[in-house]
2 protein chains.
Amino acid sequence: MIFSSELIKGTLKTIILKLLAENKRMYGYEITQVVKELTKDKVQLTEGALYPTLHALEAEGLLTTETEYIGKRVRKYYSLSKSGKTKSKEKVNEFADFISTMQFLLDIKTKPI
Amino acid sequence: MIFSSELIKGTLKTIILKLLAENKRMYGYEITQVVKELTKDKVQLTEGALYPTLHALEAEGLLTTETEYIGKRVRKYYSLSKSGKTKSKEKVNEFADFISTMQFLLDIKTKPI
DNA sequence: CCTAATACATAAGATATTTATGTATTAGAA
DNA sequence: TTCTAATACATAAATATCTTATGTATTAGG
């Protein structure tokens, strides 16, 4: 089962920022693979969505980049800037709050951890 | 605080279907008000998003309508069809699963109910 | 009497995503 | 050794969806 894309909409930036908060630096393709693994294939980021978003976050000053070559193949690493770290926490907190609100609204019970 | 619209994206259909599963019939304006109250103003549905979505759900055969007049003012009640009831459960279940996945991915802890 | 709330609806513009396409390198199977 | 799949980036057209604006009309209440 893969989540309908409409569900994932709006969470992409949050996912990217959170992963970068935990991993110091990651490159685009790596992000797609890590998300795929962590979600057991339920969340599949498409390149057409990912790369433009990474560029947008960089343009906002939330991410910085370093380009490296693995052999002749280029790899572009992204890291959080200072404002990116702040933004990451904000986004995750907002999403956590959103989850609580939606759980209440949709009367969803979750198992305690 | 109001949730950024990008977060709410993709949840509108689920919210509508769930509310109708619990209330038998509701009209558009009522849905906006109930959601506003239940979420303490954090989720504010706009008419420009709501009405086209209601029409779309009706066109999909998930909702049926009855028009009534309150005085001279028209009111359009929506109810779940049989397939709408099934869809409502599916959507809520999918969303619950999505929440679990995202909580894990974003390392969000929730308080047990 | 006038404003805010109720109640519907649609359309233009903005935004974001999917799908498709493109380039190029490298690992590994046949 | 040759071909395919995976790695790794990127962009653009088409699509979907939402916001914002606008429109009509009724009704409650100050």
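Lettering follows sequence order; numbering is per chain, from 1.
Not one N or O on the side chain of B/S88 forms a donor-acceptor pair closer than 3.5 Å with the backbone of B/G84. Judged purely by atom type and a 3.5 angstrom limit, B/T11 has no side-chain atom pairing as donor or acceptor with the backbone of A/L7.
Between the P atom of D/dT20 and the CD1 atom of B/I2 lies a distance of 10 Å, rounded to the nearest Å. Between A/E30 atom CD and D/dA8 atom P the separation is 9 Å, expressed in whole Å. Across the protein-nucleic acid pair, B/L7 atom CG and D/dC18 atom P stand 13 Å apart, rounded to whole Å. Between the CZ atom of A/F3 and the C1' atom of C/dT18 there is a distance of 19 Å, given to the nearest Å.
Contact record, A/L38 with B/F104: O-CE2, 3.3 Å, taken as the closest heavy-atom pair. Closest approach of B/I16 and B/L57 over heavy atoms only: CG2-CD1, 3.9 Å. Closest non-hydrogen pair, A/T32 versus A/L45, comes out as CG2-O, 4.0 Å.
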Contact list (N/O, under 3.5 angstrom) for nucleotides 25-29 of chain D vs protein:
residue, atom, partner, partner atom, Å
D/dT26, O2, B/R73, NE, 3.4
D/dT26, O2, B/R73, NH2, 2.4
D/dT27, OP1, B/K72, N, 2.6
D/dT27, O4', B/R73, NH2, 2.8

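For the residue pair A/E94 / B/S4, a side-chain donor-acceptor distance below 3.5 Å is found, with atom types taken as modelled. When only modelled atom types and interatomic distance are considered, B/E58 and B/T65 share a side-chain donor-acceptor pair under 3.5 Å.
The pair A/R25-A/E68 counts as a salt bridge, with a side-chain nitrogen and a carboxylate oxygen less than 4.0 angstrom apart. A salt bridge links A/K91 and B/E6; the closest N-O separation between the charged side-chain nitrogens and carboxylate oxygens is under 4.0 Å.
A/E47 meets the side-chain hydrogen bond (donor to acceptor under 3.5 Å, both in side chains) test with no other residue; sequence neighbours excluded. Applying the salt bridge (charged side-chain N to carboxylate O under 4.0 Å, His left out) criterion to A/E22, with sequence neighbours excluded, gives A/K18.
Two residues are said to be in side-chain contact when any heavy atoms from C-beta on lie closer than 4.5 Å; A/L54 and A/I31 meet this criterion.
Taking every heavy atom of residues 31-52 of chain B and every atom of DNA chain D, pairs under 4.0 Å involve B/T46, B/G48, B/A49, by number. Of the residues in residues 60-69 of chain A, not one places a heavy atom less than 4.0 Å from an atom of DNA chain D. Within residues 9-27 of chain A, the residues approaching DNA chain D are A/K9, A/Y27, by heavy-atom distance under 4.0 Å.
In this structure, B/H55 does not reach the C/dC8 phosphate: none of its side-chain N or O atoms is under 4.0 Å from OP1 or OP2. Taking 4.0 angstrom as the limit, B/S5 places none of its side-chain polar atoms (N or O) nearer than this to OP1 or OP2 of D/dC18.
For the ring-ring contact (aromatic ring centres under 6.0 Å, His included) test with B/Y27, the passing option among B/Y77, B/Y69, B/Y51 is B/Y77; the others fail.
Where A/G28 and B/E6 meet DNA chain D, the nucleotide closest to each residue was compared, and A/G28 sits on the side nearer the 5' end.
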